[in-house]
Asks: 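Okay, here's the structure, questions in a sec.
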Amino acid sequence: MKPTSTRVLTEPFRIKMVEPLKLTTEEYRQEKLQQAGYNPFLLSSQDVFIDLLTDSGTGAMSDRQWAAMMTADESYAGARSWQRLEEVVKKLTGMPYVLPTHQGRAAERILYSLLGGKNKVFISNTHFDTTRANIEFSGATAIDVPIDVNQTEGTDADFKGNINLPVLQQLIHTHKPENIAAIIMTVTNNSSGGQPVSMENVKAVRAICDQHHLLLVIDGCRIAENSYFVKHREAGFQDKTYEEIAKEMLRLADAFVMSAKKDGLVNIGGLLTLKDEELSRQCTNLLIISEGFTTYGGLSGRDLDAMAVGLQEVFDPDYLHYRIRSTAYLGERLHAKGVPVIWPIGGHAVYVDAKKLYAHIPVEEYPGQVLVCDLYTKGGIRSVEVGSVMFGKYDEIKKLVPAKNELVRLAIPRRVYTQSHIDYVLEVFDDILTMRQQTRGLKIIKEPPFLRHFTAQFEKINK
Ligand code: F0G
């Protein structure tokens, strides 16, 4: 990726309030991890030193956001806080109907329960887990058609988050346009390594949707991060602002769902925006019975105001440059040390290929979960497995059908950790590399019937 400046990366903010972190010993962490059944989701956050579990709702708000919260309006209906947010969102999306929700999946549930149902099909560059879960819960089918690329190699110019256009056309033909509920573009593509989606690709999807009268939804919880990649990688966008690029992309869609816990720079909040009046009426009915009245949607006035400010701050060029470069800083240095990572580095996270790193550990012994555990015991770093613990299934004889990849996601919270925290993470990886041959696998001893990565428990295999 071409940096916009050759200077050393520095955080474009200074720290006004601090939250102490507890430094613990390796022995202490070993005990805590064992008590948590080798599943860091079950750890207490006070025992975590650097928390890279998710970039969702974990960011730090600015002084401007906190100031806006102080002057928020907590009226049940027609609050000024809502009016401020609605104005910002209408300008950004160009859509006339804006519904606030408490987080992204609530917007998904409202929209997809109305569009979905038995025999309906959704097609996406890749559905995020909650998107898929909401679609399948409605009785519909969710099909992923990412482009066919080598995930760990490639040039800097790749838009590896794109949808596969020929396969999309084929699927529309096979399933028939009347059965396709919507095409969903996830921007950036979280489940495909946080990789960006090009404007050209979304424009092509728009044309296909027009041809078959299909609805195009953008899941744009990282739309500002995606705009950074478009400006610096796609021809013709160099002179546009990040906000102009986001606006251009969103104007291609019929609906927009957003978890504001990412690029809304808030700790809670979501949005659903629509072009169609009738669909928006139906969504509004569901919003009122499940989330709250149309001018707060399950949020307080404070949350609405913080989001209104966050959605503007996120397009600040200094912020976005810092954001994307600081994720790349970790990824590029890991790559240089010989740690296999998804390449090029995406927007919000670095994904380590644990199957390659621990080539001696078979997938049945969950190399991704092993790395997650090693990062915690060696450094107090919390990450998440995105592999066979999360996506693996069993066949009839209870043999594991592994996931496509065994990845570990190091998600970077926004404006929270400094470069020296990230340098610490890099040092911990030196230890991981030194001891990698001695590392042993894990077996599952307890698991729930679904979403097992949250609560499964493991035991070390000693051989
Ligand atoms: N869509 C995408 C692309 C997401 O990444 C997420 C959340 C959601 C929808 C759901 O939003 O959590 O506000 O209900 N991703 C988080 C993550 C949980 O860790 O990647 P939510």
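In each ligand, atom 1 is the first atom listed, and ligand 1 is the first ligand listed. Nothing fancy with the numbering, it's 1 onward along the sequence. Because the structure is predicted, anything quoted here is derived from the model rather than measured.
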Asks: Around atom NZ of Lys22, are there more than 12 heavy atoms of other residues, nucleotides or ligands at under 6.0 Å?
Replies: yes
Asks: Is ligand 1 under 4.0 Å from a heavy atom in the side chain of Met258, in the backbone, in both, or in neither?
Replies: neither
Asks: Distance under 4.0 Å to a non-hydrogen atom of Glu108: what atoms of ligand 1 satisfy this?
Replies: 1 (N), 9 (C)
Asks: Does Glu74 come within less than 4.0 Å of Arg302, counting only side-chain N to carboxylate O?
Replies: yes
Asks: For atom 1 (N) of ligand 1, find the nearest protein heavy atom and state the residue, atom name and distance (0.1 Å precision).
Replies: Asp219 OD2, 2.7 Å
Asks: When only distance counts, is Gly104 in polar contact with ligand 1, meaning an N/O pair under 3.5 Å?
Replies: yes
Asks: Hey, looking at atom 7 (C) of ligand 1, which of Lys262, Arg105, Arg109 has the closest heavy atom?
Replies: Lys262
Asks: Does the cation-pi check pass for Lys231 over Tyr242, that is, NZ or CZ under 6.0 Å from the six-membered ring centre and within 45° of its axis?
Replies: yes
Asks: For ligand 1, find out whether one of its N or O atoms is nearer than 3.5 Å to an N or O atom of Thr131.
Replies: no
Asks: If you draw the axis of the six-membered ring of Tyr329, does the NZ or CZ of Arg333 fall within 45° of it and under 6.0 Å from the ring centre?
Replies: yes
Asks: Crowded around Asp148 CG? As in, over 12 foreign heavy atoms under 6.0 Å?
Replies: no
Asks: Quick one: look up the protein heavy atom nearest atom 21 (P) of ligand 1 and list residue, atom name and how far away it is.
Replies: Gln103 NE2, 3.3 Å
Asks: Would you say Arg222 contacts ligand 1, with heavy atoms under 4.0 Å as the rule?
Replies: yes
Asks: Measuring from Arg109:CZ to Thr131:OG1, what's the distance to the nearest 0.5 Å?
Replies: 13.5 Å
Asks: Considering only protein heavy atoms, which is closest to atom 10 (C) of ligand 1, and at what distance to one decimal place?
Replies: Thr130 OG1, 3.4 Å
Asks: Enumerate the atoms of ligand 1 whose separation from the nearest heavy atom of Thr186 is less than 4.0 angstrom.
Replies: 3 (C)
Asks: Return yes or no for this condition: an N or O of Arg409 is under 3.5 Å from an N or O of ligand 1.
Replies: yes
Asks: Taking the basic N atoms (NZ, or NE/NH1/NH2) and the acidic carboxylate oxygens, is any pair closer than 4.0 Å for Asp254 and Arg206?
Replies: yes
Asks: Numbering the atoms of ligand 1 from 1, which are under 4.0 Å from a heavy atom of Thr54?
Replies: 17 (C), 19 (O)
Asks: Which residue and atom name correspond to the protein heavy atom nearest atom 8 (C) of ligand 1, and how close is it?
Replies: Phe128 CD2, 3.4 Å
Asks: Check each heavy atom of Lys261 against ligand 1 and say whether those closer than 4.0 Å belong to the side chain, the backbone, both or neither.
Replies: side chain
Asks: Count the heavy atoms of every other residue, nucleotide or ligand shown that sit under 6.0 Å from CD of Glu447, and state whether that count exceeds 12.
Replies: yes
Asks: Which protein heavy atom lies closest to atom 13 (O) of ligand 1, and at what distance to 0.1 Å?
Replies: Ser259 OG, 2.6 Å
Asks: Around atom CD of Glu278, are there more than 12 heavy atoms of other residues, nucleotides or ligands at under 6.0 Å?
Replies: yes
Asks: What protein heavy atom sits nearest atom 5 (O) of ligand 1, and how far away is it?
Replies: Asn190 ND2, 2.8 Å
Asks: Near Glu87 CD, under 6.0 Å, is it more than 12 heavy atoms from other residues, nucleotides or ligands?
Replies: no
Asks: Looking at ligand 1, would Gly270 count as a contact under a 4.0 Å heavy-atom criterion?
Replies: no
Asks: Atom CZ of residue position Phe13 - does it have more than 12 heavy atoms of other residues, nucleotides or ligands inside 6.0 Å?
Replies: yes
